[in-house]
Amino acid sequence: MTGTRVRVRFAPSPTGDLHVGGARSALFTWLFARHHGGDFILRIEDTDRRRYVEGSVEGILESLRWLGLEWDEGPYFQSERLAIYREHAERLVAQGDAYPCYCTPERLEQVRNEQRARGEPPGYDRRCRHLSPDERAAFEAQGLTPAIRFKMPESGTTVVPDLLRGHITFENRLLEDPVILKSDGFPTYHLAAMVDDHLMGITHVTRGEEWLPSAPLHVRIIQAFGWDLPVFVHLPVILRPDGKGKLSKRDGAVGVLEYKKAGYLPEALVNYLALLGWSAGDREIFSREELIRLFSLEDINPSPARFSFDKLAWMNQYYINHIISLDDLTIRCIPFLRAAGLVSAAAEDPASPEHAYVRSVVALLKDRLKTLAEVVELTSFFFTEGTEDYPAELLVPKKTEPALVLEALDRTRAILETADFADEAGMEAALRALAEQLGLKAGQLFMPIRVAVTGRTVSPGLFETLRVVGRTRTLARLDVARAKLRAYVAQQAAAAG
RNA sequence: GCCCCCAUCGUCUAGAGGCCUAGGACACCACCCUUUCAAGGUGGAGAUCGCGGGUUCGAAUCCCGCUGGGGGUACCA
């Protein structure tokens, strides 16, 4: 293959969302193309009208774009190339490598059932392969539209060379005559993919290992046409987290776009997927450029790997916390805040004050965000006048009394009324001094203030939060908390008395 | 059932005959840091390299068998 320009393709069928398994195959293929400066071609294998899902092509394209896997050619649609496949099928018939089959699905089913009943392996009995001209004419006279089957050799072996597994030998007698052109005029994968891969000049056929058992068919079909074999690379499948079977829709978020929606970074997904079955030493974090530079098909681990939601989540958080910049993170968070109605369209303009404010909020969350979507839940109180409602009990930490907390909040308000909100250290010093005067530990004072200002017990650092929320809203929220607490104290007294 | 592929900590993996008292990462546990939650730091537990035979002075690394797991067995891809 040296001297030949690398041309590879990703060829999904539009039967649903692009899921992470397909995305990884696409990624490996794309990385290989980019590493060699070759071409990455996109082809839609829409030859099964019954399984076609409306809108899935758009979803697949969006998924690939989001992941940054830009294609150089296509998308080609097999449904638009029917004449080509028919021509090729007829050529095989003409040269004696294929034949029309008039068997109905019912008969095929019946044959299989009988074989099973007799304890034989189920398979096509090749009736139509041995039809006499008269019998054939009789079927034609009935007006039956035949499917076309490929003639597999009935003895001997077929060897499939695979880049990751070496040469695999199959017994021909155990293989069937596959339908290559259906009676509806559409080709099956076996014909369409081989014809397209040849016509499109594909040098390396990367595909899931579920294709390995039919690879000898493909080798024979290619040889029947007199073409050169491409390099076959059967990629390992991705298993469910528990290892019991292939990863599928039932196992949780499996669609690429679901991860986009959930606030995952495409970089993180790409990095995670690249490491599932491939590695380059002990390192784990690779930029797109590094992946391209280091990637090699030969280094793919041929054993199937389990998908780990945990590790992907860690990778995503790592990218948010350590890899991308604050400016970048801000820009990526804004669509989520917009969707939640927390910021206006103006925030999208990096020069706007609102954008700057979002940036100051996001800065406090950078080490705490696991996904972009979390930014909404974690920061809502920065974008509203007051906080969400909370029970008064939340203001009273363990081992403190409501009355004491009330006094603490009263005095906190007095301090913050005149404090410099830009001076975090100053506020902290003043409030630490107050805690000491009240005989409280720092945390016992900080928690009620946190709850008053944020409406919750978990938040970014207290003083940076105060700085960003600002004096006006802080004092108003302290007043709400104090009123809440006063009512709570009164109610307790009434209950006691 | 039959055919094919695969096999290192729970998981993803490093390892291409001596560098391995098997390394890293996630998850887990402890401690440190600490105003909450994270992040970060330090340490720990965790794999007789699925089992059994070979080959070799020497095997996680090569060969064979077994077992286990996965995939396929459609006029679906």
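Note on naming: letters A, B, ... go to the chains in the order of the sequence lines (proteins, then strands), and numbering restarts at 1 for each one.
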* Does CD belonging to A/Gln142 count more than 12 external heavy atoms closer than 6.0 Å? ->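 Result for CD/A/Gln142: enclosed.
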
Expressed as a whole number of Å, how far does the [atom1] atom of [N] sit from that of [M]?
N     : M     : atom1 : answer
B/G44 : B/C5  : P     : 43 Å
B/C31 : B/C66 : C1'   : 47 Å
B/C4  : B/G10 : P     : 31 Å
B/C76 : B/G53 : C1'   : 44 Å
B/U21 : B/C62 : C1'   : 25 Å
B/G58 : B/C2  : C1'   : 41 Å
B/G17 : B/A22 : C1'   : 15 Å
B/C49 : B/C32 : C1'   : 35 Å

Which part of the nucleic acid does [X] contact within heavy-atom distance under 4.0 Å: base, sugar-phosphate only, or nothing?
X        : answer
A/Pro100 : nothing
A/Arg165 : sugar-phosphate
A/Lys244 : sugar-phosphate
A/Arg149 : sugar-phosphate
A/Pro460 : base
A/Pro241 : nothing
A/Ala305 : sugar-phosphate
A/Asn301 : sugar-phosphate
A/Gly123 : nothing
A/Leu174 : sugar-phosphate
A/Gly208 : nothing
A/Ser214 : nothing
A/Gly119 : nothing
A/Arg306 : sugar-phosphate

* Asked: Charged N to carboxylate O under 4.0 angstrom, A/Glu109 versus A/Arg107?
  ->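 Salt bridge between A/Glu109 and A/Arg107, a charged N being under 4.0 Å from a carboxylate O: no.
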
* May I ask you to decide whether A/Arg149 forms a salt bridge with A/Glu176, counting only side-chain N to carboxylate O separations under 4.0 Å? =>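 Salt bridge flag = no for A/Glu176 with A/Arg149.
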
* Kindly indicate, with the supporting measurements, whether the criterion ring-ring contact (aromatic ring centres under 6.0 Å, His included) is fulfilled by A/Phe307 and A/Tyr272. => CA-CA 10 Å; A/Phe307 191 83; A/Tyr272 174 71; 5.3 Å; yes

[N] pairs with, by Watson-Crick or G-U criteria that keep both distances under 3.5 Å:
N     : value
B/A45 : none
B/G65 : B/C51
B/C2  : B/G72
B/C9  : none
B/A22 : none
B/A38 : none

* Specify whether A/Phe232 and A/His234 have parallel, tilted or perpendicular ring planes, treating 30° as the upper limit for parallel and 60° as the lower limit for perpendicular. => parallel

* **A/Tyr390 six-ring face occupied by A/Lys484 cation (under 6.0 Å, within 45°)** =>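 Because its charged atom sits under 6.0 Å from the ring centre and within 45° of the axis, A/Lys484 does stack over A/Tyr390.
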
* If you find the nucleotide of RNA chain B closest to A/Ser279 and the one closest to A/Arg432, which residue's nucleotide is nearer the 5' end? -> A/Ser279

* **Most 5' of A/Leu312 and A/Ala280 on RNA chain B, judged by nearest nucleotide** => A/Ala280

* What is the 5' to 3' range of RNA chain B, first to last nucleotide, that sits under 4.0 Å from any heavy atom of chain A? -> B/G1 to B/A77

* Under the side chain to side chain donor-acceptor pair (under 3.5 Å) rule, collect the residues that match up with A/Lys311, sequence neighbours excluded. =>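 Applying side chain to side chain donor-acceptor pair (under 3.5 Å) to A/Lys311 gives A/Glu284.
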
* Flag, side chain of A/Lys366 to backbone of A/Leu329, donor-acceptor distance under 3.5 Å -> no

* Applying side chain to side chain contact (heavy atoms under 4.5 Å, CB included), name anything that partners A/Lys151, two or more places apart in sequence or on another chain. => A/Tyr99, A/Arg129

